[in-house]
Amino acid sequence: MSKFAKAACLASALGLFSHMALADSAAGVWKTIDDETKQAKALVQITESAGGELNGKIIKLFANPEAVCDKCEGDRKGKPVNGMQILWGLKKDGAEWGNGKILDPKSGKIYTSGAKLIEDGKKLRVRGYIGPFFRSQVWERQ
């Protein structure tokens, strides 16, 4: 096998491995979409701990980069939304993560949260729950 063919095989294998890794991990940067305007709202950086727990913080606000969390309580009240942790404690459960928390900076409310990778890891369905009721958003991998 020529050096070129070996290099092509290696590149192909690495590409496949990379694609498989994306399909299994929610770690990375995700673009959120505003429910009302359908416009890009923010970029969220999600990290995954060694135990598979997800945590996320806003790393860029598109429409109002200077926004503060006026309706938040406690140590988040009046703090910049940009850089704020809005997702924490989601634990891996099969193909999904659950039993975590998500903050809606607009309302200041914290909800029980879950997430699931969809479309081969290109999108993340994020849900916030109050009892049996939930609201879902689909975030796009960047």
Side-chain angles (χ1 to χ4, degrees), residues 3-142:
K3 287 184 182 180
F4 179 75
K6 286 180 185 176
C9 285
L10 179 59
S12 178
L14 288 174
L16 178 61
F17 178 75
S18 173
H19 177 72
M20 288 170 41
L22 281 178
D24 290 339
S25 176
V29 176
W30 298 89
K31 179 171 60 175
T32 70
I33 308 297
D34 187 276
D35 292 335
E36 297 166 6
T37 67
K38 308 299 182 213
Q39 299 297 312
K41 189 172 185 176
L43 292 180
V44 176
Q45 172 76 53
I46 293 181
T47 57
E48 186 172 349
S49 72
E53 188 173 289
L54 299 183
N55 298 289
K57 70 176 182 176
I58 294 176
I59 59 171
K60 181 177 182 178
L61 288 172
F62 291 107
N64 186 7
E66 304 301 318
V68 294
C69 199
D70 289 328
K71 295 183 179 178
C72 286
E73 296 181 0
D75 62 347
R76 290 184 181 96
K77 183 160 185 68
K79 297 287 180 63
V81 174
N82 199 14
M84 184 174 285
Q85 184 171 8
I86 62 160
L87 185 72
W88 62 94
L90 278 77
K91 294 169 185 63
K92 186 87 166 155
D93 183 14
E96 300 188 31
W97 292 266
N99 297 314
K101 299 291 181 185
I102 190 166
L103 167 70
D104 176 358
K106 186 175 181 180
S107 70
K109 294 183 180 178
I110 296 173
Y111 302 94
T112 300
S113 184
K116 181 179 182 179
L117 289 167
I118 57 176
E119 295 185 24
D120 293 326
K122 295 176 188 158
K123 294 186 178 182
L124 183 68
R125 184 197 69 213
V126 180
R127 286 192 172 157
Y129 296 89
I130 295 181
F133 304 102
F134 63 87
R135 186 178 93 193
S136 294
Q137 287 187 334
V138 176
W139 297 358
E140 300 171 357
R141 190 182 293 274
Q142 298 300 289

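Counting from 1, the numbers follow the sequence of the chain as shown. Because the structure is predicted, anything quoted here is derived from the model rather than measured.
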Quiz item: If you take all heavy atoms of W30 and Q142, which pair is closest and at what distance?
Solution: C-CG, 4.3 Å
Quiz prompt | Side-chain (S113) to main-chain (G100) donor-acceptor, under 3.5 angstrom | solution = no
Quiz item: For the atom pair OG (S25) and CD (E48), what is the distance rounded to the nearest 0.5 Å?
Solution: 4.5 Å
Quiz item: Salt bridge check: are E96 and R125 linked by an N-O gap of less than 4.0 Å?
Solution: yes
Quiz item: Looking at C69 and P105, what are the two nearest heavy atoms and their distance?
Solution: SG-O, 3.5 Å
Self-check item: Rounded distance (nearest 0.5 Å) linking atom NZ of K106 with atom CG of D35
Solution: 8.5 Å
Quiz prompt | Donor-acceptor contact present, side-chain K77 to main-chain D70, <3.5 Å | solution = yes
Practice problem: Any chance you could measure L61, atom CG, to L43, atom CG, to the nearest 0.5 Å? | Solution: 9.0 Å
Exercise. Kindly say whether G89 contributes a backbone atom to a donor-acceptor pair with the side chain of N55 at under 3.5 angstrom?
Key: yes
Self-check item: Y111-Y129 aromatic ring centre distance below 6.0 Å
Solution: no
Exercise. Could you tell me whether the side chain of I33 reaches within less than 4.5 Å of the side chain of Q137, counting heavy atoms only?
Key: no
Exercise. Ignoring hydrogens and angles, tell me if any N or O in the side chain of E140 forms a donor-acceptor pair with the backbone of V138 under 3.5 Å.
Key: no
Practice problem: Assess whether atom CG of D93 is packed by more than 12 heavy atoms of other residues, nucleotides or ligands within 6.0 Å. | Solution: no
Quiz item: If you round to the nearest 0.5 Å, how far is CD of Q45 from NZ of K60?
Solution: 14.0 Å
Quiz item: Taking C-beta and beyond as the side chain, do C72 and K79 meet within less than 4.5 Å on heavy atoms?
Solution: no
Exercise. Answer yes or no: does atom CG of N99 have more than 12 heavy-atom neighbours from other residues, nucleotides or ligands under 6.0 Å?
Key: no
Quiz item: Just by distance, do the side chain of R127 and the backbone of T112 share a donor-acceptor pair under 3.5 Å?
Solution: no
Practice problem: Please round to the nearest 0.5 Å and tell me the distance separating atom CZ of F62 and atom CG of N82. | Solution: 10.5 Å
Self-check item: Residue K92 excluded, over 12 heavy atoms near NZ under 6.0 Å
Solution: yes
Quiz item: If you draw a 6.0 Å radius around NZ in K91, do more than 12 non-hydrogen atoms from other residues or ligands fall strictly inside?
Solution: yes
Quiz prompt | R141 side chain reached by L117 side chain, heavy atoms, under 4.5 Å | solution = yes
Practice problem: Applying side-chain contact (heavy atoms from CB on, under 4.5 Å) between I110 and each of I102, I86, L103, report the one that passes. | Solution: L103
Quiz item: Looking at A115 and L124, what are the two nearest heavy atoms and their distance?
Solution: CB-CD1, 4.0 Å
Quiz item: With respect to W97, which candidate in L54, L87, V126 satisfies the side-chain contact (heavy atoms from CB on, under 4.5 Å) definition?
Solution: L54
Self-check item: Separation of I46 CD1 from K57 NZ (nearest 0.5 Å)
Solution: 13.0 Å
Quiz item: Of the non-hydrogen atoms in S107 and K71, which two are nearest, and what is the gap between them?
Solution: O-CB, 3.4 Å
